[in-house]
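Here is the naming used below: chain letters follow the sequence lines, and residue numbers restart at 1 for every chain.
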Protein chains: 2
Amino acid sequence: MKGSSRPREGSGSAQVSGPTATLAAYIQERGLKQSRQRERIAQSFFAMGGHVTVEQLVARVRRDDPRVSVATVYRTMKLLAECGLAVARQFGDGQTRYEASAGRDHHDHLICTACGEIIEFANERIESLQEVVARRHGFEVESHRLELYGRCARCRPPGRARPEARP
Amino acid sequence: MKGSSRPREGSGSAQVSGPTATLAAYIQERGLKQSRQRERIAQSFFAMGGHVTVEQLVARVRRDDPRVSVATVYRTMKLLAECGLAVARQFGDGQTRYEASAGRDHHDHLICTACGEIIEFANERIESLQEVVARRHGFEVESHRLELYGRCARCRPPGRARPEARP
DNA sequence: ATGCGTGCAAAATTTTTGCATGGGG
DNA sequence: CCCCATGCAAAAATTTTGCACGCAT
């Protein structure tokens with residue numbers, strides 16, 4: 001249940017302009033402090049890619065550092081969200097998911113109700129129409145959220161390819 | 001707009017075929033039982049209209065019947081959702097909201113981030129484009145969710161009229 | 001009489017917060 | 001050195017579940 005195909009940031013060796021650098025800058029500007037935990041959490045988060053639940057992130061971080069507390073992960077993700085490196089998403093399953101957003105354009109989501117795969121997409125036409133609709137009601141749009149739930153190609157009953165064994 | 005939705009049930013005379021009747025039918029068909037609580041909860045829910053949180057609903061129901069438990073309200077709303085009279089909505093605020101859906105067409109939401117007002121809208125063009133996008137990714141859409149967050153006419157900074165004083 | 005519904009409370013989930021301690025700047 | 005960050009656990013907030021009892025059918 002993953003599968004994002006996002007272009008990797010310059011994962012070169014001496015590259016310093018990645019999200020980690022942005023976080024460091026943000027931390028310094030605000031007189032906050034860096035820490036092993038924050039670095040680990042951020043690193044794991046960006047390494048995981050996709051749309052990560054706190055639970056998943058905690059598990060991953062603890063693989064390297066078993067004593068990191070859930071609270072710290074929550075607090076750090078809030079930090080990442082504040083400085084624009086992550087976005088919190090609520091798909092209707094009761095778990096907040098975080099998504100890396102460094103320098104990424106806005107996009108919406110296609111979510112497979114069978115295998116859970118999450119695909120991102122963007123559509124200018126839809127965005128425009130949203131503006132039109134909003135204006136029609138006197139609204140000024142600040143943000144929006146569009147999620148399409150359904151069956152992905154592999155999970156579709158009629159087509160071919162087995163639905164991953166979970167109807 | 002669709003064919004003037006909500007035909008006011010002019011047909012039967014003695015038969016009140018509103019949502020309450022649908023619930024009663026559903027209850028009987030399934031061998032379930034009616035109860036004072038269920039009636040009160042359903043009645044309050046439909047009377048309130050809009051997008052109601054369980055908390056609000058509980059408060060309202062208890063105004064008439066202080067001993068109704070939260071659990072019963074949850075269970076009853078689940079029942080209403082099962083028989084298609086209500087729909088559970090998750091706007092990102094951590095509270096499940098229920099919305100009456102008897103005979104209503106699909107629609108999406110405009111949500112004011114200042115006063116919390118929720119406006120419904122429907123747009124065929126957007127729906128069509130959603131299908132196109134989904135198909136392009138091999139998805140078959142089962143449902144979707146579109147929410148536009150922003151400032152309603154009254155809450156817009158530049159314009160006039162006061163923001164109702166409730167964030 | 002049978003079994004569903006209810007209230008109450010405990011449990012389960014998910015996220016936040018208080019507090020004492022330790023470490024970064 | 002001072003303040004921030006962390007861990008731990010308790011607290012919150014929301015929703016579910018177990019249980020015994022009572023009422024509707």
Side-chain angles (χ1 to χ4, degrees), chain A residues 20 23-45 51-83 86-98, chain B residues 20 23-45 51-83 86-98:
Chain A
T20 315
L23 175 59
Y26 182 87
I27 284 177
Q28 285 191 310
E29 283 167 21
R30 305 243 171 167
L32 303 178
K33 295 171 184 176
Q34 307 201 66
S35 75
R36 174 177 45 89
Q37 288 88 337
R38 285 179 175 175
E39 281 175 36
R40 287 253 169 86
I41 293 167
Q43 192 176 326
S44 293
F45 171 63
H51 304 77
V52 186
T53 64
V54 173
E55 194 180 7
Q56 295 170 328
L57 186 51
V58 167
R60 165 76 177 244
V61 170
R62 283 188 173 162
R63 221 174 50 185
D64 300 320
D65 196 333
R67 313 194 315 183
V68 172
S69 83
V70 197
T72 299
V73 173
Y74 273 105
R75 287 186 276 229
T76 301
M77 290 317 295
K78 194 160 289 185
L79 206 61
L80 290 184
E82 279 169 27
C83 66
V87 172
R89 300 264 183 194
Q90 309 277 334
F91 300 139
D93 63 350
Q95 300 235 147
T96 296
R97 287 181 145 79
Y98 281 95
Chain B
T20 315
L23 175 59
Y26 182 87
I27 284 177
Q28 285 191 309
E29 282 167 21
R30 305 245 170 164
L32 304 178
K33 294 173 184 173
Q34 308 202 62
S35 75
R36 174 177 46 92
Q37 288 87 334
R38 285 178 175 176
E39 281 175 37
R40 286 253 169 86
I41 293 167
Q43 191 176 327
S44 293
F45 171 63
H51 306 75
V52 186
T53 64
V54 173
E55 193 181 8
Q56 295 170 329
L57 186 52
V58 167
R60 164 76 177 243
V61 170
R62 283 187 174 163
R63 222 175 49 185
D64 299 321
D65 197 333
R67 314 194 314 184
V68 172
S69 82
V70 196
T72 299
V73 173
Y74 274 105
R75 287 186 276 228
T76 302
M77 289 318 295
K78 194 161 287 182
L79 206 62
L80 289 184
E82 279 169 26
C83 65
V87 172
R89 300 263 183 194
Q90 308 277 335
F91 300 139
D93 63 350
Q95 301 234 147
T96 297
R97 286 181 147 78
Y98 280 96

Think Thr96(A) has a side-chain N or O under 4.0 angstrom from the OP1 or OP2 of dT15(C)? yes
Considering heavy-atom distances to DNA chain C, does Gly31(B) or Ser69(B) have its closest nucleotide positioned more toward the 5' end? Gly31(B)
With heavy atoms under 4.0 Å as the rule, sort Glu55(A) into base, sugar-phosphate or nothing. nothing
When the distance from CE of Met77(B) to P of dT16(D) is rounded to whole Å, what number comes out? 12 Å
Under 30°, 30 to 60°, or over 60°: which ring-plane class applies to Phe45(A) and Tyr98(A), parallel, tilted or perpendicular? perpendicular
To the nearest angstrom, the CZ-C1' distance between Arg40(B) and dT6(C) comes to 14 Å
To the nearest 0.5 Å, what is the distance between CD on Glu39(B) and CG on Leu23(B)? 8.5 Å
Whole-Å distance separating the CD atom of Glu39(A) from the P atom of dG24(C): 11 Å
Selected nucleotide, minimal atom distance to Leu32(A) side chain, candidates dT16(C), dC4(D), dT6(D): dC4(D)
Between Ala71(A) and Lys33(B), which residue's closest nucleotide on DNA chain D lies nearer the 5′ terminus? Ala71(A)
Is there a side-chain contact between Tyr74(B) and the phosphate of dT15(D), meaning an N or O under 4.0 Å from OP1 or OP2? yes
Taking side chain as C-beta onward, heavy atoms only, is Arg97(B) less than 4.5 Å from Val54(B)? no
Checking Ile41(B) against Met77(B) for the side-chain contact (heavy atoms from CB on, under 4.5 Å) test, could you report, in this order, the C-alpha distance in whole Å, the side-chain angles of both residues, the deciding distance, and whether it holds? CA-CA 8 Å; Ile41(B) 293 167; Met77(B) 289 318 295; 4.2 Å; yes
Working note: Thr96(B) + Gln90(B), criterion side chain to side chain donor-acceptor pair (under 3.5 Å); need CA distance, chi angles, decisive distance, verdict. CA-CA 5 Å; Thr96(B) 297; Gln90(B) 308 277 335; 3.0 Å; yes
Taking the nucleotide of DNA chain D with the nearest heavy atom to each, does Ser35(B) or Asp93(B) sit closer to the 5' end? Asp93(B)
Round to a whole Å and report the spacing from CZ of Arg97(A) to C1' of dT15(C). 16 Å
Closest to the 5' end of DNA chain C, once Val70(A) and Arg75(A) are matched to their nearest nucleotides, is Val70(A)
Gln95(B) CD to dT14(C) P, straight-line distance once rounded to whole Å: 17 Å
Whether Gln37(B) contacts dT6(C) is assessed here as follows: a side-chain N or O lying under 4.0 Å from the phosphate OP1 or OP2. Is that the case? yes
Find the distance Arg38(A):CZ to dC4(D):P and express it as a whole number of Å. 11 Å
How many whole angstroms separate atom CD1 of Ile27(B) from atom P of dG3(C)? 19 Å
Would you tell me if any nitrogen or oxygen in the side chain of Lys78(A) comes within less than 4.0 Å of OP1 or OP2 on dT16(C)? yes
Gln90(B) CD - dA13(D) C1' separation (whole Å): 14 Å
